[in-house]
Q: 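Got a structure here, written out as structure tokens. Questions coming.
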Amino acid sequence: MLKPDTNVALNVQATLEEALSLLDDVIAEAPESLKHEVTTIWSNLDKLVQQTFVNPKLK
């Protein structure tokens, strides 16, 4: 059984990855005037996920 902190981290990671997926959909559907802003949000969130969960030593 995983420790509670590990469960929380996995839940947070899954939620953030779902948010990235939803932002991908938004980018595909967004008008051109919003694509840059949404892409910036996606990029910053992806960087956070990578640094926090995928390769924490990159911080």
Side-chain angles (χ1 to χ4, degrees):
M1 183 167 177
L2 297 173
K3 295 189 318 187
D5 288 346
T6 302
N7 285 333
V8 169
L10 291 173
N11 287 338
V12 169
Q13 181 180 3
T15 301
L16 292 173
E17 289 175 350
E18 179 64 20
L20 285 168
S21 178
L22 292 171
L23 285 170
D24 279 336
D25 295 342
V26 170
I27 291 168
E29 302 284 330
E32 285 301 316
S33 60
L34 293 177
K35 283 188 190 260
H36 176 72
E37 287 84 359
V38 176
T39 301
T40 300
I41 293 167
W42 184 95
S43 179
N44 290 336
L45 183 57
D46 184 56
K47 190 181 304 181
L48 175 67
V49 169
Q50 294 297 317
Q51 290 177 343
T52 304
F53 298 104
V54 177
N55 196 349
K57 295 188 182 195
L58 291 178
K59 286 184 183 177

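Since this is a predicted model, take the numbers as computed values, not measurements.
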Q: Distance-only criterion, 3.5 Å: show the donor-acceptor pairs between side-chain atoms of residues 15-26 and protein atoms not counting sequence neighbours.
A:
unit_1, atom_1, unit_2, atom_2, d
Thr15, OG1, Asn11, O, 2.8
Glu17, OE2, Gln13, NE2, 3.1
Asp24, OD1, Trp42, NE1, 3.1

Q: Is Val8 reachable from Leu10 through a run of I, L, V, M, F, W or Y residues, each pair having side-chain heavy atoms under 4.5 Å apart?
A: no
Q: List the atom pairs, donor and acceptor, that lie under 3.5 Å between side-chain atoms in residues 32-41 and the rest of the protein, sequence neighbours left out.
A:
unit_1, atom_1, unit_2, atom_2, d
Lys35, NZ, Ile27, O, 2.7
Thr39, OG1, Lys35, O, 2.7
Thr40, OG1, His36, O, 2.9

